[in-house]
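Below is one structure, written out as structure tokens; comments come after it.
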Amino acid sequence: VDVQIPPTRKVAENVFALIVANENYQDVAKVPNAINDGEIFARYCQTALGLPSTNVHLIKDATLNNIRREIRLLEQIADAYQGKASLLVYYAGHGVPDEGTRNAYLMPIDGYVSDMSTCYSLADLYKTLGDMPSEKTVVLLDACFSGAARGDGMLASARGVAIKPKTGAPSGNTIVLTSAQGDETAYPYEEQGHGMFTYYLLKKLKESRGDVTLGSLIEYVRDNVKRKSLVVNGKSQTPTAVSSSAIAADWQNWKLN
């Protein structure tokens, strides 16, 4: 999927992508292939989906302030376009649960599993995105929030036991596609150099030349990841779609561009 990305003639001038690829952490194990995930997805955004290069922000090994700054920039863009922009947020990296509350967080590379104030609340992300005026907002998360690392092992906060996290609910015009559900792990697909969720996401975009509805996309990714994870890892991984109630009847027909 990393080569011969099919080009589109479409120019998606009003679609803006924020891509965060966190691989090299300061305090916990790295996330294998996360930077490659982000780099190749950024190329697909430009080539297969038709986003201008200026509309694609790829942030590698993002700190907490990097993430906050980029979310703030999305807010400014959404306000400037007065509801006529579409937003695409992609994250590959560690997710982490608060052991006490079970609330879920994105983990910046400078985050600490023992201090959730150093991480970015997933509920806060959903609320912030949901409050932005947009035609549509699509969130793609190649991360799990059970305390598991990508592949083998656990993050320090999980004490060796997977936690079923509380991830919160999207609001506004937001649909979220996550790579795993509940206390599952988001696995790598080492043979392909990607996270398993991202690999099948890219594969479908390649096969469809970027012209695919979200309903078809999540069905393809879910079915293939479930099968391949059981064959390769011997464990379940189930990508899941969660939308705000406002768009529950509509999002399946949306496209990324």
Side-chain angles (χ1 to χ4, degrees), residues 17-32 34-35 37-38 57-79 87-132 137 139-151 153-172 174 176-186 195 197 240 242 244:
L18 167 59
I19 300 165
V20 178
N22 282 358
E23 181 165 336
N24 300 296
Y25 281 82
Q26 296 176 9
D27 194 53
V28 294
K30 69 187 297 182
V31 179
I35 286 180
D37 286 340
H57 280 216
L58 169 61
I59 312 300
K60 293 180 280 190
D61 288 339
T63 65
L64 180 58
N65 277 338
N66 290 155
I67 295 173
R68 286 173 171 164
R69 180 187 63 191
E70 292 299 325
I71 295 296
R72 176 57 183 152
L73 180 59
L74 274 187
E75 283 185 298
Q76 294 172 322
I77 289 170
D79 287 343
L87 309 176
L88 183 55
V89 178
Y90 172 93
Y91 176 83
H94 280 313
V96 64
D98 182 311
E99 281 193 279
T101 65
R102 295 191 294 117
N103 291 330
Y105 293 79
L106 302 179
M107 190 174 183
I109 60 148
D110 58 344
Y112 292 92
V113 294
S114 58
D115 183 357
M116 290 299 102
S117 70
T118 65
C119 299
Y120 196 101
S121 165
L122 197 59
D124 287 350
L125 175 67
Y126 290 171
K127 183 181 187 306
T128 301
L129 292 174
D131 288 345
M132 296 182 194
T137 299
V139 182
L140 304 164
L141 299 176
D142 197 340
C144 62
F145 300 91
S146 63
R150 178 184 277 195
M154 304 293 290
L155 299 180
S157 71
R159 297 176 187 169
V161 178
I163 294 172
K164 189 171 184 179
K166 294 188 292 186
T167 56
S171 59
T174 304
V176 180
L177 307 183
T178 60
S179 60
Q181 67 178 4
D183 58 1
E184 292 179 340
T185 298
F197 171 85
T240 305
V242 183
S244 72

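What's counted below: heavy atoms across the whole structure, side chains too, no hydrogens, waters or symmetry copies. No experiment lies behind these values; they were computed from the predicted model shown. Along the sequence shown, residues are numbered consecutively beginning with 1.
Scanning for side chain to side chain contact (heavy atoms under 4.5 Å, CB included) contacts around Ala180 gives Cys144, Glu184, Gln237, with sequence neighbours left out. Scored by the side chain to side chain contact (heavy atoms under 4.5 Å, CB included) test, Val242 finds Pro170, Thr240 as partners (sequence neighbours excluded). Not a single ring pair (Phe, Tyr, Trp, His ring centres under 6.0 Å) links Tyr112 to another residue, sequence neighbours left out. Legend: residues meeting ring pair (Phe, Tyr, Trp, His ring centres under 6.0 Å) with Tyr90, ordered by chain and number and at least two apart, are Phe41. Remark: Tyr91 pairs with Tyr25 by the side-chain hydrogen bond (donor to acceptor under 3.5 Å, both in side chains) rule, at least two apart or across chains. Shown here are the side chain to side chain contact (heavy atoms under 4.5 Å, CB included) partners of Ile71, two or more places apart in sequence or in another chain: Leu18, Ile67, Tyr120, Leu125, Thr128, Met132. Taking the side-chain hydrogen bond (donor to acceptor under 3.5 Å, both in side chains) definition, one finds that Thr63 meets it with Asn66, sequence neighbours left out. Residues that satisfy the side-chain hydrogen bond (donor to acceptor under 3.5 Å, both in side chains) test with Asp79, not counting sequence neighbours, are absent from this structure. Considering only residues two or more places apart in sequence or on other chains, Thr178 meets the side-chain hydrogen bond (donor to acceptor under 3.5 Å, both in side chains) condition with none of them.
The minimum heavy-atom distance between Val31 and Asn22, with the atom names listed, is CB-O, 3.6 Å. Taking all atoms of both residues into account, the shortest heavy-atom contact from Ala21 to Gly38 is CB-CA, 3.9 Å. Here the closest heavy-atom approach between residue Ala143 and residue Gly95 is recorded as CB-N, 4.1 Å. Across every non-hydrogen atom of Pro108 and Leu64, the tightest pair is CB-N, 3.3 Å. What you find for Cys119 and Gly111 is that their closest heavy atoms are SG-CA, 4.5 Å.
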- Task: Evaluate the criterion side-chain contact (heavy atoms from CB on, under 4.5 Å) for residue pair Leu177 and Val139; output intermediate values, then yes/no.
- Result: CA-CA 6 Å; Leu177 307 183; Val139 182; over 6 Å; no

- CA sep, side-chain torsions, deciding dist, call: Val28, Val113, side-chain contact (heavy atoms from CB on, under 4.5 Å): CA-CA 8 Å; Val28 294; Val113 294; 4.1 Å; yes

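One finds the CD1 atom of Ile59 at 9.5 Å from the CD1 atom of Ile19 (value rounded to the nearest 0.5 Å).
With a 4.5 Å cut-off on side-chain heavy atoms, Met116 and Thr118 do not count as touching. Residues Leu140 and Leu88 meet the side-chain proximity criterion, which asks for heavy atoms closer than 4.5 Å.
Within the structure, salt bridge (charged side-chain N to carboxylate O under 4.0 Å, His left out) pairs that include any residue of residues 109-128 comprise Lys127-Asp131 (at least two apart or interchain). Annotation: salt bridge (charged side-chain N to carboxylate O under 4.0 Å, His left out) contacts involving residues 19-28, sequence neighbours excluded, comprise Glu23-Lys30. Judged as a salt bridge (charged side-chain N to carboxylate O under 4.0 Å, His left out), the pairs with a partner in residues 62-75 (not counting sequence neighbours) are, in order, Arg72-Glu75.
Thr137 places no side-chain N or O within 3.5 Å of a backbone atom of Leu87 that could act as its donor or acceptor partner.
In summary, of the residues considered (Asn103, Leu106, Asp98), a side chain to side chain contact (heavy atoms under 4.5 Å, CB included) with Phe145 occurs for Leu106 alone.
Asn24 and Asp61 share a side-chain donor-acceptor pair at under 3.5 Å.
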